[in-house]
Visitor: 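Could you have a look at this structure, given as structure tokens, before my questions?
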There are 2 protein chains.
Amino acid sequence: MSITDDEARTLLRESALRATAPRLAVLRVLAEAPNPLSHTEVLECLGKTDWDPATIYRNLIKLRDAGVALVASHAHGMDRYELAHGDGHHPHFVCEGCGRVACLPAGLTASMSMEGPWATSIQNAMVQLRGECPDCLAKA
Amino acid sequence: MSITDDEARTLLRESALRATAPRLAVLRVLAEAPNPLSHTEVLECLGKTDWDPATIYRNLIKLRDAGVALVASHAHGMDRYELAHGDGHHPHFVCEGCGRVACLPAGLTASMSMEGPWATSIQNAMVQLRGECPDCLAKA
DNA sequence: ACGTTGATGCAACTCAATTGCATTTATTTG
DNA sequence: CAAATAAATGCAATTGAGTTGCATCAACGT
């Protein structure tokens, strides 16, 4: 997946966010990433820039707060962001070994009978399938 | 839920873990807690003791590694532990507001059509239903 | 172009998680 | 039952993600 500069600017305008250079770059990195990325990983994807890490960090927060991105996983103590595509929620695979997070196809169906005080609180669901990724399995 | 001293010692012996005072205490706290607890929360439940926080921390790790406990949630950057009861996996509710994690009844069924390299990697599933807990809803 | 308001750079700080090492202690063994 | 041994603990220090204050700068609505 990728995103054009115009698409990115439109997306930001719709969310009342200013189209700054680092913000557009973060948006592009997230759009092109096959998996959710942590702050550190976003920095790596950006390569050498003269943008402050805190700026990238704040942009991830902003995008998340605006609903443009979301935190797909907190695994291994790291927030990993992905764009909030309209394609609904999909499950993720989380490697217990290296912590990598991969998107899985949305072929999961779930039904739940929920009662009590929590029922009205539930806003969304997060499904993580966990285990050792192919790489980590190979090492062992 | 609670646990007797004998049950705790047996459980530890089966896992080849020594029955030390802090370890038994951690086990008891986890057994009595209605929700998954973070390291900090375990310390709070223990009250004033002369055990080092690092000791409690390492005990949580040990119990997890031994399969006696598991990390039910990484929400809000904190690992929250619960005993790995035989009652299979149950979903959790995670409050986006305060980060509290609550156990939900295991009334969730899911089916998944999975192919490709990940299929063989999947060892277990984690389901989190997210939103604002009754307390946080009340504040807003 | 101009002003308002949001964004950035820099630096510092918080807090959970983690580790090294010397000492103590629960279990194993003779 | 005491010595041996491997694990657990206490203490102190470190890592690293996440977060924030503040002065400066720039996007964009008028």
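Residue numbers start from 1 in every chain, and the chains themselves are labelled A, B, ... in the order their sequence lines are given, proteins ahead of strands. For clarity, every value in this text was computed on a predicted model and none was experimentally measured.
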Visitor: For the pair made of CG in A/Asp52 and P in D/dC25, what is the distance, rounded to whole Å?
Guide: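 Rounded to whole Å, this separation is 15 Å.
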
Visitor: From CE of A/Met78 over to P of D/dT19, roughly how many Å is that when rounded to an integer?
Guide: 13 Å

Visitor: What is the distance, rounded to the nearest whole Å, between atom NE2 of A/His74 and atom P of C/dA17?
Guide: 13 Å

Visitor: Side chains of A/Asp79 and A/His74: any donor to acceptor distance under 3.5 Å?
Guide: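 A/His74 vs A/Asp79: donor-acceptor pair found between side chains.
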
Visitor: For C/dT8, does either OP1 or OP2 sit under 4.0 Å from a side-chain N or O belonging to A/Thr20?
Guide: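 A/Thr20 to C/dT8 OP1/OP2: side-chain N or O found under 4.0 Å.
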
Visitor: Write down the distance between CG (A/Leu60) and C1' (D/dA17), rounded to a whole number of angstrom.
Guide: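 Atom CG in A/Leu60 sits about 12 Å away from atom C1' in D/dA17.
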
Visitor: Evaluate the criterion salt bridge (charged side-chain N to carboxylate O under 4.0 Å, His left out) for residue pair B/Arg100 and B/Asp135; output intermediate values, then yes/no.
Guide: CA-CA 10 Å; B/Arg100 253 179 61 208; B/Asp135 283 358; 3.2 Å; yes

Visitor: Hey, which of B/Arg80, B/Gln128, B/Glu82 is the one that makes side chain to side chain donor-acceptor pair (under 3.5 Å) with B/His92?
Guide: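 So, applying the side chain to side chain donor-acceptor pair (under 3.5 Å) to B/His92 and each of B/Arg80, B/Gln128, B/Glu82, only B/Glu82 qualifies.
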
Visitor: Nearest whole Å is fine: how far is C/dT18 P from B/Asn59 CG?
Guide: 15 Å

Visitor: Just compare C/dT8, C/dT4, D/dA8 and give me whichever is closest to any side-chain atom of B/Arg23.
Guide: D/dA8

Visitor: Tell me which nucleotide among C/dT8, C/dT18, D/dT19 gets nearest to the side chain of B/Tyr57.
Guide: C/dT18

Visitor: For the pair made of NE2 in B/His39 and P in C/dC15, what is the distance, rounded to whole Å?
Guide: 14 Å

Visitor: Mind checking A/Ser38 for me? I need base, sugar-phosphate or nothing, with any heavy atom below 4.0 Å counting as a touch.
Guide: nothing

Visitor: Under 4.0 angstrom, heavy atoms only, what part of the nucleic acid is B/Ala54 near: base, sugar-phosphate, or nothing?
Guide: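 Base contact.
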
Visitor: Mind checking whether B/His39 and B/Glu44 have side chains closer than 4.5 Å, heavy atoms only?
Guide: no

Visitor: Counting heavy atoms from C-beta on, name the nucleotide in C/dT4, C/dT8, D/dG10 closest to the side chain of A/Arg18.
Guide: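 Output: C/dT4.
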
Visitor: Judged by each residue's nearest nucleotide on DNA chain C, which is more toward the 5′ side, A/Asp50 or B/Arg80?
Guide: A/Asp50

Visitor: Return the nearest nucleotide to the side chain of B/Ala19; candidates are D/dA8, C/dA16, C/dT27.
Guide: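 The closest nucleotide is C/dT27.
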
Visitor: The side chain of A/Arg13 is closest to which nucleotide in this list: C/dA7, D/dT19, D/dG29?
Guide: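 The answer is D/dG29.
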
Visitor: Atom CD1 of B/Ile56 and atom C1' of C/dA16: how far apart are they, to the nearest Å?
Guide: 15 Å

Visitor: From CG of B/Leu27 over to P of D/dA8, roughly how many Å is that when rounded to an integer?
Guide: 13 Å

Visitor: With a 4.5 Å cut-off on side-chain heavy atoms, are B/Ile122 and A/Phe93 touching?
Guide: yes

Visitor: Considering every strand and a 4.0 Å limit on heavy-atom distances, what is the contact class for B/Arg58: base, sugar-phosphate, or nothing?
Guide: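 Contact class for B/Arg58: base.
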
